[in-house]
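Notes follow once the structure below has been shown.
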Protein chains: 2
Amino acid sequence: MAAYVRQMLQKGPLHARIIERFDEMSEQLQQAARHVLEHPQEVALVSMRELSRNAGVQPSTMTRLAKFLGFTGYEDFRGHHADVIRVRTDGFAARALQEDEGAGNGEGLAFRMLQGLSAQISRLCEPDTIRHLNTMADHLTKARRIYVLGLRSCHSVAWHFHYVMTLLGEKTIHLDGPAGTSGDPLIRATHEDVLLAISINPYSLQTLELAEAAREKGIAILAITDSEVSPLVTIAEHVVLFPTESQTFFHTLTPALAVSEVLCGLLASHDRAGALEELKRADKHLSAMNTYATSIPRRKI
Amino acid sequence: MAAYVRQMLQKGPLHARIIERFDEMSEQLQQAARHVLEHPQEVALVSMRELSRNAGVQPSTMTRLAKFLGFTGYEDFRGHHADVIRVRTDGFAARALQEDEGAGNGEGLAFRMLQGLSAQISRLCEPDTIRHLNTMADHLTKARRIYVLGLRSCHSVAWHFHYVMTLLGEKTIHLDGPAGTSGDPLIRATHEDVLLAISINPYSLQTLELAEAAREKGIAILAITDSEVSPLVTIAEHVVLFPTESQTFFHTLTPALAVSEVLCGLLASHDRAGALEELKRADKHLSAMNTYATSIPRRKI
DNA sequence: AAAAAAATGCAACAACTGTTTTACCGATGC
DNA sequence: GCATCGGTAAAACAGTTGTTGCATTTTTTT
């Protein structure tokens with residue numbers, strides 16, 4: 001019996017709700033409910049009239065069933081079934097996005113955003129993405145030098161990747177010189193080097209131009225971008241994709257930063273000893289330079 | 001490249017079909033197609049008009065997209081997407097296999113890192129943190145001007161916050177001038193302004209000095225940092241904490257970035273209309289400046 | 001610079017949606 | 001017997017759907 005209850009809950013609260021009140025229903029309602037129980041997803045996928053036809057029931061009976069179960073109407077009922085489908089694959093980012101008009105700005109935004117971000121990063125764990133991350137890390141390891149390119153919104157990701165890598169050695173060169181000199185370091189790039197390009201929609205023209213120029217010089221392009229139809233995909237040797245959707249007006253770059261940190265981690269783990277060595281050296285240098293402190297410094301007068 | 005094709009096929013023949021002919025599409029068709037690629041199941045779950053609204057496209061464009069891809073009409077298109085949902089749940093063998101592979105591959109560093117990051121962000125949903133985020137957003141809203149300070153590893157977070165905020169207006173000033181001038185803009189700061197300081201252990205001395213100087217000028221300090229015993233906590237009016245542990249040699253800044261994005265989201269939601277207005281203006285400016293593109297530009301000879 | 005073609009927005013259309021109302025049916029109670 | 005009531009079917013309803021043709025803009029070609 002406990003197993004039975006568990007199964008009910010596993011199938012979702014909608015099933016439970018229907019089964020619970022099944023005995024109170026009239027004959028027609030039961031027939032409708034029986035059909036819904038056996039084809040839950042059809043509720044979201046076809047129109048009510050078609051569903052009622054398949055169930056051998058009048059359309060109005062479906063509306064009555066929905067209201068009987070405590071929904072405001074059949075559309076409410078269908079909405080819940082659609083959510084079940086969404087949650088199974090997507091987390092619930094899409095739903096939160098949809099109701100942003102109804103729920104208004106208010107209290108829940110911070111919560112919804114964080115939940116969404118967590119789900120998005122969790123979805124990056126798909127074996128597909130993991131595999132891509134690993135092969136990209138391999139390529140980065142083999143490269144003689146890594147040119148890092150990310151402009152505008154992607155600057156933060158590019159710079160962070162570069163910064164962490166500088167702690168590990170001198171393998172990366174960040175392409176964001178001032179006064180339009182960003183691309184200049186590519187002058188000395190060879191075919192042993194790679195360009196790590198980061199860009200999201202809308203794609204910065206300058207990034208695309210630089211990447212294309214690099215490709216024509218025979219430099220392999222590795223792209224971190226947001227879509228299979230990103231322009232970078234067409235010219236890149238390897239691609240890692242990340243989501244950017246958020247519940248706000250803006251795109252999120254948190255998943256992108258996560259990707260870049262994972263790459264740093266993989267690169268460091270390919271040569272643990274060397275990485276530790278370099279880190280120690282950096283540490284020594286920075287403390288000699290008096291870069292850090294652990295308390296608010298006394299004011300020099 | 002072969003691996004890439006395989007991924008396409010895994011996502012289903014519909015994805016492949018769209019990606020295949022993506023380049024031939026007109027601008028609007030591409031925008032619609034891009035949305036469909038990112039939300040395949042929504043095609044089956046919501047009406048065409050709603051989908052077109054979410055994609056930022058005319059209803060007719062969706063019909064045109066469907067026909068362009070060789071379907072008899074949009075309803076045909078939707079039908080195929082519904083079938084994808086149906087077979088995915090009925091024949092769940094593939095899905096189970098995937099999960100299995102993922103669990104078995106649990107050894108991988110990439111997998112562990114992403115799981116960890118997801119959990120850390122999820123932990124930020126605690127009501128405590130949410131409350132701190134909200135009150136900090138309130139203070140940021142009330143401030144006349146926001147000076148943003150984050151050096152070294154925290155540069156990415158500070159810059160990203162500043163960048164997003166520039167899309168919303170001129171409220172923020174980023175303190176990272178070259179040649180040691182980072183603190184100079186504080187010259188014109190008043191007690192109506194606030195300093196948003198971001199720092200993690202080891203704490204950059206320069207950040208602490210600048211923050212202390214600002215505090216002595218009567219500027220309120222808002223801190224985003226990693227610990228209750230961070231030096232910033234002692235001088236800050238309000239604090240938001242985030243975790244930085246990771247499975248690598250380095251600290252992670254992904255949770256920090258998430259926090260900063262949530263703050264941006266909250267600030268924008270405090271004045272939805274105004275934010276939308278500013279975003280439109282920024283959009284117009286950037287497209288006038290020819291900043292963005294959606295395909296690899298032709299080489300100028 | 002003019003003409004042709006393609007792409008896009010807009011508005012009207014019939015068909016269909018979910019809902020509500022109305023009318024009918026059969027059982028139950030007085 | 002007839003009045004009453006819950007249950008069901010049928011029809012009417014307003015709103016929305018996907019589609020289409022047309023006018024306008026943008027791009028390309030001549």
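Residue numbering restarts at 1 for every chain, and letters A, B, ... go by the order of the sequence lines. Only a predicted model underlies this, so the values are computations on that prediction, with no experimental measurement involved.
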Could you tell me the separation between the [atom1] atom of [X] and the [atom2] atom of [N], rounded to a whole number of Å?
X	N	atom1	atom2	value
B/E75	D/dT20	CD	P	10 Å
B/E24	C/dA6	CD	P	14 Å
A/F77	C/dG18	CZ	C1'	14 Å
B/M62	C/dG9	CE	C1'	15 Å
B/Y74	D/dT20	OH	C1'	17 Å
B/M25	C/dA7	CE	P	12 Å
B/L51	D/dT16	CG	C1'	16 Å
A/D76	C/dG18	CG	C1'	13 Å

> Closest to the B/S26 side chain: C/dA7, D/dA10, D/dT17?
Replying inline: C/dA7

> Of all the nucleotides listed (D/dA9, D/dG18, D/dC22), which has the minimum atom distance to the side chain of B/R64?
Replying inline: D/dC22

> Going by the angle between their ring planes, with limits at 30° and 60°, are A/H35 and A/H39 parallel, tilted or perpendicular?
Replying inline: tilted

> Between A/R78 and A/V46, is there a donor-acceptor pair closer than 3.5 Å when you use the side chain of the first and the backbone of the second?
Replying inline: yes

Could you tell me whether the phosphate oxygens of [N], OP1 or OP2, come under 4.0 Å of any side-chain nitrogen or oxygen in [X]?
X	N	result
A/K67	C/dT20	yes
A/S47	C/dT17	yes
A/Q28	D/dA9	yes
A/T63	C/dT19	yes

>> Are A/L124 and A/L133 packed together at the side-chain level, in the sense that at least one heavy-atom pair is separated by less than 4.5 angstrom?
In response: no

> With a 4.0 Å cut-off, would you call A/E24 and A/R21 a salt bridge?
Replying inline: yes

> When you match B/R49 and A/S60 each to their closest nucleotide on DNA chain D, which lands nearer the 5' end?
Replying inline: A/S60

> Does any donor atom in the side chain of A/T225 or A/S199 lie under 3.5 Å from an acceptor atom in the other side chain?
Replying inline: no

